Protein chains: 6
Amino acid sequence: MNDRDFAPLIGEIRKNLEEKGFPVKTQRDFPNRSEVIEIIELCSRIMFPGFFEDGQVYSVSSSRNFQSLFAQLDEKLYGQLMIALKNCECKEVKECARRTEREFLERLPYVQGMLLKDIEAMFDGDPAALSRESIILSYPGFYAVMVFRLAHELYTRNVPLLPRMMTEHAHSLTGIDINPGATIGEYFCMDHGTGIVIGETTEIGNWCKLYQGVTLGALSTSLGQQMSGVKRHPKLEDHVTIYSNASILGGATVIGEGAVVGGSAFITESVPKNARVVMKAGEMSIRMKEQKD
Amino acid sequence: MNDRDFAPLIGEIRKNLEEKGFPVKTQRDFPNRSEVIEIIELCSRIMFPGFFEDGQVYSVSSSRNFQSLFAQLDEKLYGQLMIALKNCECKEVKECARRTEREFLERLPYVQGMLLKDIEAMFDGDPAALSRESIILSYPGFYAVMVFRLAHELYTRNVPLLPRMMTEHAHSLTGIDINPGATIGEYFCMDHGTGIVIGETTEIGNWCKLYQGVTLGALSTSLGQQMSGVKRHPKLEDHVTIYSNASILGGATVIGEGAVVGGSAFITESVPKNARVVMKAGEMSIRMKEQKD
Amino acid sequence: MNDRDFAPLIGEIRKNLEEKGFPVKTQRDFPNRSEVIEIIELCSRIMFPGFFEDGQVYSVSSSRNFQSLFAQLDEKLYGQLMIALKNCECKEVKECARRTEREFLERLPYVQGMLLKDIEAMFDGDPAALSRESIILSYPGFYAVMVFRLAHELYTRNVPLLPRMMTEHAHSLTGIDINPGATIGEYFCMDHGTGIVIGETTEIGNWCKLYQGVTLGALSTSLGQQMSGVKRHPKLEDHVTIYSNASILGGATVIGEGAVVGGSAFITESVPKNARVVMKAGEMSIRMKEQKD
Amino acid sequence: MNDRDFAPLIGEIRKNLEEKGFPVKTQRDFPNRSEVIEIIELCSRIMFPGFFEDGQVYSVSSSRNFQSLFAQLDEKLYGQLMIALKNCECKEVKECARRTEREFLERLPYVQGMLLKDIEAMFDGDPAALSRESIILSYPGFYAVMVFRLAHELYTRNVPLLPRMMTEHAHSLTGIDINPGATIGEYFCMDHGTGIVIGETTEIGNWCKLYQGVTLGALSTSLGQQMSGVKRHPKLEDHVTIYSNASILGGATVIGEGAVVGGSAFITESVPKNARVVMKAGEMSIRMKEQKD
Amino acid sequence: MNDRDFAPLIGEIRKNLEEKGFPVKTQRDFPNRSEVIEIIELCSRIMFPGFFEDGQVYSVSSSRNFQSLFAQLDEKLYGQLMIALKNCECKEVKECARRTEREFLERLPYVQGMLLKDIEAMFDGDPAALSRESIILSYPGFYAVMVFRLAHELYTRNVPLLPRMMTEHAHSLTGIDINPGATIGEYFCMDHGTGIVIGETTEIGNWCKLYQGVTLGALSTSLGQQMSGVKRHPKLEDHVTIYSNASILGGATVIGEGAVVGGSAFITESVPKNARVVMKAGEMSIRMKEQKD
Amino acid sequence: MNDRDFAPLIGEIRKNLEEKGFPVKTQRDFPNRSEVIEIIELCSRIMFPGFFEDGQVYSVSSSRNFQSLFAQLDEKLYGQLMIALKNCECKEVKECARRTEREFLERLPYVQGMLLKDIEAMFDGDPAALSRESIILSYPGFYAVMVFRLAHELYTRNVPLLPRMMTEHAHSLTGIDINPGATIGEYFCMDHGTGIVIGETTEIGNWCKLYQGVTLGALSTSLGQQMSGVKRHPKLEDHVTIYSNASILGGATVIGEGAVVGGSAFITESVPKNARVVMKAGEMSIRMKEQKD
């Protein structure tokens with residue numbers, strides 16, 4: 001294609017953007033994806049020393065190694081917070097970034113403690129788990145909840161963009177999509193995990209277990225931002241188990257303590273304590289239309 | 001293992017390939033995966049300047065930057081088209097590659113326009129979306145439809161392999177599998193998205209919304225290429241909503257305008273306009289067999 | 001944050017780890033993720049020469065190229081086996097690693113043969129497949145079964161960690177989670193694949209076909225390692241087809257030869273030969289609660 | 001080392017910098033080394049298509065490839081010029097950067113033409129040269145003069161920092177240090193080249209030949225910037241040959257047309273036309289003190 | 001080449017090594033080249049913040065940035081010291097590595113102070129220097145003395161291998177070879193620098209200036225280790241200037257204060273204060289044999 | 001710069017190339033620089049196992065490691081030979097490449113043996129050498145002779161381009177430029193080495209020692225290819241020592257056994273056995289012109 005043809009294309013592309021309210025800026029001011037990934041990696045190496053390294057590390061748990069990781073995290077997180085908070089309401093962005101970062105670092109032991117409990121739940125819940133170590137090393141359900149618990153700490157401190165970029169990174173790697181705004185209790189277990197969706201206003205109690213493909217979602221709306229802040233996602237009390245591909249929808253839906261929801265169930269109303277809910281399946285049928293081969 | 005043992009293994013491996021009709025070639029003639037990914041990246045940086053960069057860019061929306069991106073895209077796309085079209089029916093591969101590439105570049109403003117409408121639909125449909133920008137930055141549903149709309153332009157110009165490699169790249173990152181042959185209208189919204197499958201002959205109207213795990217698929221067949229070109233996937237009219245993990249199968253299946261299909265529904269027959277289809281769920285049951293702990 | 005604050009955080013983090021039985025080690029002794037990925041890549045390049053290269057290769061199927069790939073695989077696999085087997089019960093780790101590696105290499109032609117049959121099944125089962133080549137190049141269902149069949153050879157030789165790290169790599173790329181312990185017959189076809197879960201003690205016959213989102217899983221348990229080794233996942237006889245998002249659970253559940261299970265079905269009991277099982281769907285209902293817009 | 005100890009060190013380091021007039025800035029505003037290297041690479045690929053690529057290029061000399069290279073060069077050079085010119089005297093940095101860049105690009109054919117003549121001289125002067133191609137591919141003398149001729153175009157347009165960073169990159173690779181301010185005629189040949197130094201105000205005529213280790217330098221001074229702009233380096237008229245490790249110093253020193261200076265000569269006064277200057281060497285002597293072994 | 005041929009070659013190669021006293025070890029225990037380079041880089045970024053970064057740094061001179069750099073340096077240096085000191089005579093390697101590292105870090109402000117003085121000397125001595133900043137950014141003479149001064153601190157603390165690997169890295173980049181054992185005073189200036197050699201027992205006073213190609217070396221010996229520790233290289237008193245390609249050899253050779261040695265001089269005896277030494281050059285001669293063209 | 005301006009520039013650039021006999025090709029057919037570097041690295045890792053690795057290697061000297069290195073070298077060398085020999089006179093390029101490669105591999109033990117002797121000479125000749133190991137690890141003189149001895153094996157087998165690209169890589173890293181055609185005896189020692197030049201038809205006996213900046217070169221010519229094959233460079237008999245920056249030129253020049261040539265000597269005539277040649281230096285002079293400060 002002769003380069004003379006590009007000019008009208010560029011014109012159209014710019015016009016499209018402007019018409020939709022995307023001013024053509026000369027500089028980018030979004031957090032940096034690769035820095036966000038490094039922030040996650042540094043946190044994981046601090047909380048679980050020796051499990052997330054890939055090259056040679058000579059003194060995995062030495063103070064010097066922890067110091068180095070903290071200092072790097074400190075620098076990178078501050079940089080990304082400066083970008084993310086640029087348009088926030090606080091008067092003094094630097095001060096806000098510094099405070100948020102300090103608070104985040106101070107929460108790392110708490111987050112780590114929560115994750116150690118999650119590991120217990122996953123180990124008890126999975127006979128195929130060879131060891132607690134193998135869960136940290138290779139379970140996507142663990143990775144996703146780790147990133148969520150980190151991102152949640154930024155979400156609750158009103159940091160825009162960054163928490164979502166973190167959970168979307170985990171989403172891309174694991175297929176598990178947890179909104180950083182969700183509230184998730186102790187001893188949380190996701191098995192296999194691909195396709196799990198946990199919405200922004202979901203509340204999950206302690207000792208809950210979700211299988212792959214489970215949705216804790218909202219009913220469809222086209223009201224967009226008018227619904228922002230409204231509770232739109234369900235609540236799970238303690239000791240709830242939800243089997244694969246079940247969907248629990250709606251802000252008023254509560255799954256009572258100890259209830260078990262069967263696979264593929266589509267639930268838009270509350271379920272009492274200790275109930276067992278299954279789809280009416282199992283009967284034979286010949287109604288399924290087949291492709292005529 | 002002593003290297004003397006490799007020869008018989010190599011012999012067996014070659015024999016296997018030959019028996020199945022994979023001639024042992026001395027040279028590879030497939031499009032290059034990493035080039036395909038760069039093509040996607042260049043297109044996305046052209047259509048949404050400033051959203052897909054990760055390093056330093058000094059003049060995101062300047063003409064010089066657009067020119068540079070177009071020129072790089074021009075070169076890379078032509079190279080991969082030359083490979084992909086090598087065995088196509090056109091007499092003159094170079095001419096064919098050049099024409100296809102020019103047409104593709106000229107469609108970028110149209111594709112961008114469609115995507116800007118998709119962003120509107122996603123913003124209206126998701127109270128958790130902080131801004132339109134955040135959708136471009138981090139929503140897998142947006143990324144998947146972007147790559148689909150690009151790949152579709154090559155598919156409709158009879159380019160082999162390349163379009164599928166593009167959508168499979170998006171599939172790997174997002175868990176959303178859209179065949180580049182599908183027909184998708186305006187203001188299309190996929191929420192969360194993991195596990196969505198949209199088959200080759202699917203038709204989707206305007207303002208449709210799909211949740212994670214939705215299948216718009218074909219009934220099973222073992223006829224393979226004999227069915228190629230036959231309409232095998234469903235049609236969705238305008239304003240259809242399909243909840244999580246529902247499956248709509250078959251080429252004669254039509255979901256009427258404004259219909260809503262509940263989660264986990266398994267649909268192999270048409271659904272009338274404005275219908276609400278749900279699985280008979282919600283009743284309590286104790287029939288679910290449990291693992292005796 | 002002033003670096004003086006890190007010390008107490010480090011103290012807490014260490015205490016957390018110790019309390020949960022994660023001794024703070026000075027050296028890491030886990031297999032190396034990037035090496036594991038290279039092992040998969042080398043195997044795939046040996047079995048399907050020319051399909052998994054991305055740079056320039058001058059003599060894809062020459063003996064010299066095979067020799068080079070085998071020798072590299074030999075070295076890398078031995079290194080990772082030495083790490084993985086460090087704590088195994090065998091008296092002589094080196095001897096064990098050497099034997100396991102030799103046996104694994106000798107199985108490559110067998111694994112390749114099985115995969116060539118899987119390609120046949122996928123080609124017959126998918127009218128959208130342009131060619132057998134395109135399946136190897138871009139089908140996630142093929143990639144996942146390839147990695148599974150490789151990992152399974154290590155699993156059956158009692159190698160810890162490594163097989164799971166291999167299948168989790170495929171899981172991350174494809175959304176398909178096959179435990180390396182599963183038993184899978186010939187001509188196996190997974191279409192689209194995202195969300196498929198196949199548990200450790202699953203048995204699958206010949207000519208079976210699974211769609212995206214299908215779970216072949218266990219019933220929930222909190223007994224953890226006490227259930228290890230017990231058959232907990234279902235058996236599929238030959239020629240079984242399972243549609244999208246169906247879940248088949250439990251170690252006593254058998255899906256009879258030629259049976260077809262409809263989408264979203266939740267099955268915890270056996271299904272006879274040639275049966276057609278569908279959820280009672282299709283009836284219209286207005287019971288679905290909607291978000292009041 | 002306990003991290004508490006860093007604070008006083010940091011204090012000392014900052015104090016040192018401030019005392020010497022290096023204000024502790026929060027942001028770096030120097031041209032980017034890796035960008036500078038890419039600018040050189042793009043220029044070399046434009047002027048000598050096919051000689052400086054290392055990966056696969058499908059259409060080395062096609063218009064599309066040239067366009068792509070020019071557009072990338074355009075973008076990168078502009079970015080670095082913006083940084084380099086930030087503190088220059090021109091009123092409008094953008095305008096200045098744009099003009100400088102346009103002028104530079106327009107000089108590329110001239111620079112290329114000069115280099116093609118240099119290749120002739122090197123080919124005629126080196127019986128070991130297999131072909132003109134091999135000179136472009138692997139002769140450090142060619143690489144150094146190429147980078148010099150590019151940098152000189154920026155130097156004469158008063159661009160600070162950038163030209164020197166370019167020639168220092170070549171210096172690091174080749175051991176040849178040519179100040180971008182030097183004036184060098186046509187058909188210039190440097191053989192082997194390591195250790196050659198050509199100072200800022202040097203003038204070199206046509207058809208000159210320098211061997212390794214030759215210095216065209218200034219006499220020592222401690223006047224620094226007071227001497228800036230003064231002619232401090234020698235002049236070589238046409239057809240001058242200087243053998244290895246000879247030093248020609250001083251701004252009033254002129255080596256006349258056709259003169260030959262022998263190796264290791266140390267020249268601080270002018271040499272007439274066609275002269276042959278050698279050190280009084282060759283006589284045997286036993287005065288050299290030896291290490292007593 | 002058929003792989004069967006490798007075995008005898010391997011046998012020969014091993015035999016060669018063993019005969020020369022290189023036992024065929026199974027594990028490498030040398031410091032890591034790329035880590036050594038990173039150590040240099042971290043030191044340079046600490047001492048000259050903002051001059052050696054190439055990517056985006058948000059707060060070049062903030063405490064957080066210094067802390068991060070110190071902590072990383074701390075970790076990396078300790079790791080390499082552990083390797084390098086493995087065979088040293090100290091009883092407790094860990095203790096020795098820790099002490100050496102602490103002492104090294106504490107010397108950084110001193111080293112920086114020396115380098116700031118070197119910059120002064122280079123600025124005063126080079127009319128072509130645009131600014132002190134440009135010296136740090138692009139002068140090989142500065143880079144070489146910086147690495148020397150760092151390496152010297154390890155050399156004087158009896159660290160084997162590491163100091164030499166550091167100066168050889170600088171040697172490779174700049175062509176300047178300074179043995180880490182040399183003693184170099186304040187305000188040291190090397191101009192251009194390629195080919196400078198400064199031997200292990202050299203002593204250099206304050207305000208000395210060396211041009212490219214200057215050797216401060218030893219007389220040839222074949223006594224090897226028997227001469228180790230003996231003073232074999234010359235001494236330069238204060239304010240000495242040595243022009244390009246001059247060689248000053250021998251441990252008893254002293255160049256007196258204020259002396260100037262002309263280019264290409266070959267000096268094996270002492271030179272008195274304020275002397276001017278030049279080779280008897282400048283006279284015309286026709287004795288130089290020429291290639292008959 | 002507006003992209004419309006590129007077309008005339010491209011036109012000029014192409015015209016320049018064509019006028020000078022560089023046909024504008026569409027495909028590059030030169031050996032690949034990065035592959036050449038890998039070939040050197042593989043050879044060095046085979047000959048000196050454990051000295052040139054930078055990452056983790058588990059079994060440096062095991063047969064499996066050697067096999068892997070040989071097989072990789074085998075593949076890469078063959079690929080580059082195919083490119084380099086494309087235009088050679090042999091009828092059957094493949095056959096020629098295969099034979100050359102086999103012969104090269106079979107010479108590796110011989111080359112290694114020569115290098116082990118060179119190490120002896122360097123160790124005996126340098127009191128600063130801590131150990132033989134440190135010479136392999138960090139001495140540029142060793143690296144340069146290693147690459148030369150490898151390249152020489154290809155040169156003597158009439159491989160074009162490749163040998164020179166190898167020695168130019170070493171030249172760039174070490175500043176030592178040895179033409180692959182030179183003949184160099186046993187126990188060869190280059191100390192420091194920067195600036196050494198050894199021409200194509202040079203002959204060097206056993207136990208010779210060269211210091212930095214020594215040129216063994218040709219007299220200047222402008223006859224180019226007419227002189228190709230003619231002996232143009234000097235001969236050094238056994239046990240010759242040449243001090244820094246001396247130049248020995250001409251094909252008829254012979255330095256007799258045991259002779260020592262002082263630094264900066266410029267020699268164009270033969271020197272008898274055991275002679276000591278020095279420049280007439282050392283006398284004081286005030287003739288050196290100085291910059292008036």
Side-chain angles (χ1 to χ4, degrees), chain A residues 1 3 6 9-10 12-14 16 20 24-28 30 32-34 160-161 164-165 168 171-172 175 177 179 181 194-195 197 199-200 213 215 217 220-225 227-228 230 232 245-247 249 260 262 264-267 269 275-280 288-291 293, chain B residues 46-47 50 53-54 57 59-63 66-67 70-71 74 101-102 105-106 108-109 112-113 116 123-128 130 134 137-138 140 173-175 192 194-195 209 212-213 219-223 241 243-245 250 262-264 268-269 278-282 284-288:
Chain A
M1 186 175 194
D3 70 314
F6 295 158
L9 295 178
I10 294 170
E12 282 184 68
I13 280 169
R14 278 180 166 154
N16 277 342
K20 287 290 180 183
V24 174
K25 292 178 184 172
T26 48
Q27 227 159 335
R28 169 178 69 83
F30 301 121
N32 186 305
R33 265 170 251 253
S34 57
L161 286 174
R164 181 67 184 256
M165 289 176 78
E168 281 302 341
H171 187 188
S172 178
D177 180 358
N179 190 294
T194 312
V197 171
E200 190 179 21
T215 292
S220 186
T221 177
S222 58
L223 293 180
Q225 291 305 299
M227 296 296 294
S228 177
V230 176
R232 308 178 307 277
N245 302 327
S247 301
L249 304 188
V260 177
S264 295
F266 180 66
I267 310 286
E269 292 184 342
R276 299 288 179 272
V277 186
V278 292
M279 301 296 277
K280 276 182 116 178
M288 190 169 67
K289 198 175 162 187
E290 286 180 60
Q291 184 77 40
D293 306 354
Chain B
I46 285 171
M47 294 188 298
E53 279 78 12
D54 224 38
V57 175
S59 48
V60 162
S61 303
S62 66
S63 276
F66 276 118
Q67 292 286 0
F70 263 113
D74 194 31
E101 188 226 334
R102 192 181 56 240
L105 294 190
E106 285 169 2
L108 281 181
Q112 181 205 34
L116 285 163
F123 190 62
D124 290 352
D126 183 1
L130 284 167
S134 71
L137 271 183
S138 63
L173 291 182
T174 65
H192 310 294
T194 311
K209 185 173 187 178
Q212 59 276 13
L219 289 159
S220 185
T221 178
S222 60
L223 292 180
T241 298
Y243 275 100
S244 44
N245 301 327
S264 294
T268 57
E269 292 184 341
V278 293
M279 301 296 276
K280 275 181 113 179
M284 302 301 122
S285 157
I286 52 163
R287 289 211 33 229
M288 191 170 67

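Source: prediction; values computed, not measured. Numbers restart at 1 for each chain; the letters A, B, ... are given by sequence-line order, proteins then strands.
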Counting only heavy atoms closer than 4.5 Å, note whether A:N16 contacts chain B via side chain, backbone, both or neither. both

Measuring heavy-atom distances to chain B, does A:E12 have an atom under 4.5 Å in its side chain, in its backbone, in both, or in neither? both

Roughly how far, to the nearest 0.5 Å, is the CG atom of B:L116 from the CD1 atom of A:I13? 10.5 Å

Measure the shortest side-chain to side-chain distance between B:Q212 and A:T215 over non-hydrogen atoms and say whether it is less than 4.5 angstrom. yes

Residues B:S244 and A:S247: closest non-hydrogen pair is OG-OG, 2.5 Å

Would you mind telling me which of B:D126, B:L137, B:I46, B:L108 has the largest number of heavy-atom pairs within less than 4.5 Å of chain A? B:L137

Do you know the tightest heavy-atom contact between A:E168 and B:S138? CG-O, 3.0 Å

Counting N and O atoms only, with roles assigned by atom type, does the side chain of A:N245 sit under 3.5 Å from a partner on the main chain of B:N245, one being a donor and the other an acceptor? no

So do the side chains of B:T194 and A:V197 get within less than 4.5 Å of each other, counting heavy atoms only? no

Taking every heavy-atom pair that is under 4.5 Å apart, which of B:P109, B:A128, B:G213 has the most such pairs with chain A? B:P109

If only atom types and distance count, is the side chain of B:S134 paired as donor or acceptor with the main-chain N or O of A:L161 below 3.5 Å? no

Is B:Q67 close to A:I10 at the side-chain level, that is, under 4.5 Å between some pair of heavy atoms? yes

Using every non-hydrogen atom in the two residues, find where A:L9 and B:E106 come nearest and quote the distance to one decimal. CD2-CA, 3.7 Å

